[in-house]
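Here the structure is laid out as structure tokens; the discussion comes afterwards.
This chain uses plain numbering: 1 for the first residue, then up along the sequence.
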Amino acid sequence: MNENNEKKEQTNPNPHRRNQNPHRQSADINASAQNVENKNPMPKKNKFKKPFFKNNRNNNTSQIDNTQPNDNPAGEQPKSSGRNDRRRNPVTVSEDMSRAIQANFAAQDLRMNPWKMIDTNNNAKIRFTPLGGLGEIGGNMAVIETEDSAIVFDVGMSFPDETMHGVDILVPDFSYLHTIKDKIKAIIISHAHEDHIGGMPYLFKELKFPIYGTPLALAMIKNKFDEHGLRDDSKYFNFITKRQPYPIGDFVIEWMHMTHSIIDSCSLAIQTPAGTIIHTGDFKIDYTPIDGYGPDLHRLAYYGAKGVLCLFSDSTNSHNPSFTKSEASVGKTFDNIFLTAKGRILMSTFSSNLHRVYQAMEKAIKYGRKICVIGRSMERNVETTRALGYIDIPDKHFIEVHEVQKYKDNEVLIVTTGSQGETMAALFRMATDEHRHIKLKPSDIVLISAKAIPGNEGSVSELMNHIVKSGATVHYRDLPDMHVSGHAAQEEQKLMLRLIQPKFFLPVHGEYNHVAQHAKTAVSCGVDERNILLMGDGDQIEITPKYIKKVKTVKSGKTYIDNQNNITIDNDIVLDRQKLAEDGIVNIVAQISQENGKIMGKPVITTHGIVANREMKRFTNDIETLLETLLLSMKPETLKDHKAIENEIRNVVRKHIVKFKKRYPLIIPIVFIV
């Protein structure tokens, strides 16, 4: 490398140096693979220092001259020091070796950045729009589209917070789907968890599209359709085979087996006009899964080697270092409990976590216990997986709930719902003596083999209090491996990033702090910061072979659902409930004389959540005085309009309560003009 080249390299910053802002909203990277056969194929982007070669034209070889200047002009011979003499000997590098080193650097660069093989002259564009699952845990739904086609990824649900009174579940706002309904070709289901399929029946009451998914996922959707009176909509089902490509509109989609906390979870390879996209879905890398089917890393690596334009990847556990433990580790904990338990064992987990349920059932059979399944969703899911052949346990091991009393306590396992502390679930009713057949007793051992969903911590704590009051022993987080996550920790996320080696990266599924941390992990695995965007629900991202950027924001949000009646709840109703809960209500009923504009008799004033009973008399007198003063100051024409009078009363009473109580209650005046 000559001196001019050295100066040029010093004045040009390393093009691979990262921008320190991971939230950059657009990037325009137009890099292509270098030709390995080029005479000078040294990669420009490499964090390692490039070798420096000094040509020796006389000997036709390259040398690194490590000899020191002559410090002895008198000609004295330096003393030999052995090792130091060897350091002074020049190391020669032939031209062939130099070319091989440079070619290997180029090959490594292409191997670590296979996306450079993507044709950047391709002007195709796609758009990705998350409508749920970002900025939250659950409620996952997204759309990917071209000019002529669109597909929907999952239609999930999430849980309300404590301020959403009377709301059981939340589903995404489907407004944007209505605007593009004419080009939606299909709904793609990655797996059968509620946060990915729970909103399906509510969508199908508004819009209907073909559905593609594994047999188990579609079977569980069918159960939901049956409950909602949508039995005939199973005609939209398309059962997929893994590793089989399916042309759908402008896309070709392939399902790849992935390990998670539910059977038949999949990652997706989506071939688009702009390039290949990989969507991991919810995942973890479990090398010892219960069913023996490990993640299809071979297929992921296959697509990675061909060059992936963009990776969408699960961010839920992005703060957890190391690896997520295998599902098999829970079985060892179960084995120790079943070995020593003297009474009944009650195990509660998510009804869709069927590998967890299966492990508990296996231990019950091993130690001579009968299995009783309680809870509508648990019963339905167990029967569905047994019918499909995913759980192979003969009927002889199961008993009905009314048969439990016929067996000794040490001969019974009860598998039930209620791990999230739901008051209507079977476990809660058992703990509060409200269940028809089962009541907890001191000899019982209760295993809550699940983690509280954010927002449900209080409900789980209340459930545990009731269990402890009953005298039973409860294990929740006090034993190691009572529960393991179904989501990838950082080391598994790194493995996925290294397998795919994408040009662009969009972290999905999680709150903002989760996706931000996942972005940092991606940067550590070689993804350029400028090629990463952090999204929120409603952000529409445009992706091409040359750039990725946010182009607009579409309408998103949540629809409130009363799951007991399978109906939606209008936003204003929920707001009124919040108002009542936070600030209370004031009702005022008064008769006003049309002749003199005065109140006839005494107004009827009632309040809830504003003043205590002992203060009610004084409060009523204050309101009566306010009304009398108001009526004296009102114009005669206004006194003929009861609506106008009600508005004036509402305003003056609100000002009074804000001044003295610092509250903003719901005020309902009713006026009769007689």
Side-chain angles (χ1 to χ4, degrees), residues 15-31 113 115-116 118 120 122 124-137 139-146 150-151 153-154 172 176 267-268 270 272-281 304 307-316 318-319 488 490 493-494 496-497 500-556:
H16 201 55
R17 182 165 60 91
R18 310 258 187 255
N19 188 325
Q20 294 303 313
N21 179 12
H23 312 291
R24 183 182 176 101
Q25 294 297 302
S26 65
D28 191 350
I29 314 278
N30 186 5
N113 302 284
W115 51 264
K116 290 184 176 181
I118 298 172
T120 54
N122 180 358
K125 300 177 182 178
I126 59 171
R127 291 191 174 186
F128 177 75
T129 312
L131 297 174
L134 282 164
E136 61 176 335
I137 300 295
N140 299 289
M141 185 172 76
V143 178
I144 186 170
E145 57 188 299
T146 63
I151 52 177
F153 293 104
D154 295 328
Y176 183 65
S267 296
L268 301 165
I270 308 107
T272 77
T276 300
I277 289 174
I278 298 294
H279 195 316
T280 66
V308 170
L309 178 63
C310 189
L311 171 66
F312 309 148
S313 190
D314 175 19
S315 306
T316 307
S318 58
H319 286 292
Q490 288 180 11
Q493 292 175 346
K494 291 176 184 177
M496 183 65 71
L497 286 159
I500 303 304
Q501 303 279 28
K503 180 174 185 178
F504 301 119
F505 178 60
L506 295 176
V508 295
H509 299 179
E511 298 175 0
Y512 190 85
N513 67 89
H514 299 141
V515 298
Q517 178 59 47
H518 202 175
K520 293 178 181 178
T521 301
V523 170
S524 71
C525 289
V527 181
D528 196 316
E529 283 184 2
R530 297 169 293 178
N531 290 359
I532 302 172
L533 292 183
L534 304 186
M535 303 174 292
D537 288 342
D539 289 345
Q540 189 162 94
I541 308 301
E542 186 171 274
I543 307 172
T544 76
K546 298 178 182 178
Y547 64 81
I548 182 172
K549 67 180 181 180
K550 176 183 172 181
V551 290
K552 67 177 181 178
T553 300
V554 305
K555 188 175 185 295
S556 63

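When every heavy atom of Q493 is checked against every heavy atom of A488, the shortest pair comes out as NE2-O, 3.6 Å. Residues Y547 and K125 approach most closely at OH-CE, 3.6 Å, considering heavy atoms. The two residues A274 and P545 make their nearest non-hydrogen contact at O-CG, 3.4 Å. Taking every heavy atom of both residues into account, L134 and P507 meet most closely at CD2-O, 3.9 Å.
Residues that satisfy the side-chain hydrogen bond (donor to acceptor under 3.5 Å, both in side chains) test with T129, not counting sequence neighbours, are Q540. A search for ring pair (Phe, Tyr, Trp, His ring centres under 6.0 Å) contacts involving F312 returns F128, H279, not counting sequence neighbours. Residues satisfying the ring pair (Phe, Tyr, Trp, His ring centres under 6.0 Å) criterion with H518, sequence neighbours excluded, are F505. Residues satisfying the side-chain contact (heavy atoms from CB on, under 4.5 Å) test with Q517, not counting sequence neighbours, are S318, H319, Q490, K520, T521. Shown here are the side-chain hydrogen bond (donor to acceptor under 3.5 Å, both in side chains) partners of T276, two or more places apart in sequence or in another chain: there are none. K494 meets the salt bridge (Lys or Arg N to Asp or Glu O under 4.0 Å) test with E491; sequence neighbours excluded.
Rounding to the nearest 0.5 angstrom, the gap separating the CG atom in D528 from the NZ atom in K503 is 10.0 Å. Atom CG of residue L534 and atom NZ of residue K550 lie 11.5 Å apart, to the nearest 0.5 angstrom. Expressed to the nearest 0.5 Å, how far CG of L533 lies from CD of E542 amounts to 11.5 Å. Between atom OH of residue Y176 and atom CD of residue E145 there is a gap of 3.5 Å, rounded to the nearest 0.5 Å. With rounding to the nearest 0.5 angstrom, the CG atom of L497 is 5.0 Å from the SG atom of C525. Annotation: the span from I500 atom CD1 to T280 atom OG1 amounts to 9.0 Å, rounded to 0.5 Å.
Residues L506 and I543 are in side-chain contact: their nearest non-hydrogen atoms beyond the backbone lie under 4.5 Å apart. Residues L309 and W115 have side chains not in contact (no heavy-atom distance under 4.5 Å, counting atoms from C-beta outward). The side-chain heavy atoms of V143 and V554, taken from C-beta on, include no pair separated by under 4.5 Å. By the 4.5 Å heavy-atom criterion applied to side chains, P130 and V508 are not counted as neighbours.
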- request: Would you check, one step at a time, whether the test side chain to side chain contact (heavy atoms under 4.5 Å, CB included) holds for M535 with V515?
  value: CA-CA 8 Å; M535 303 174 292; V515 298; over 6 Å; no
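Between H514 and the options D314, T316, I137, a side-chain contact (heavy atoms from CB on, under 4.5 Å) holds for only I137.
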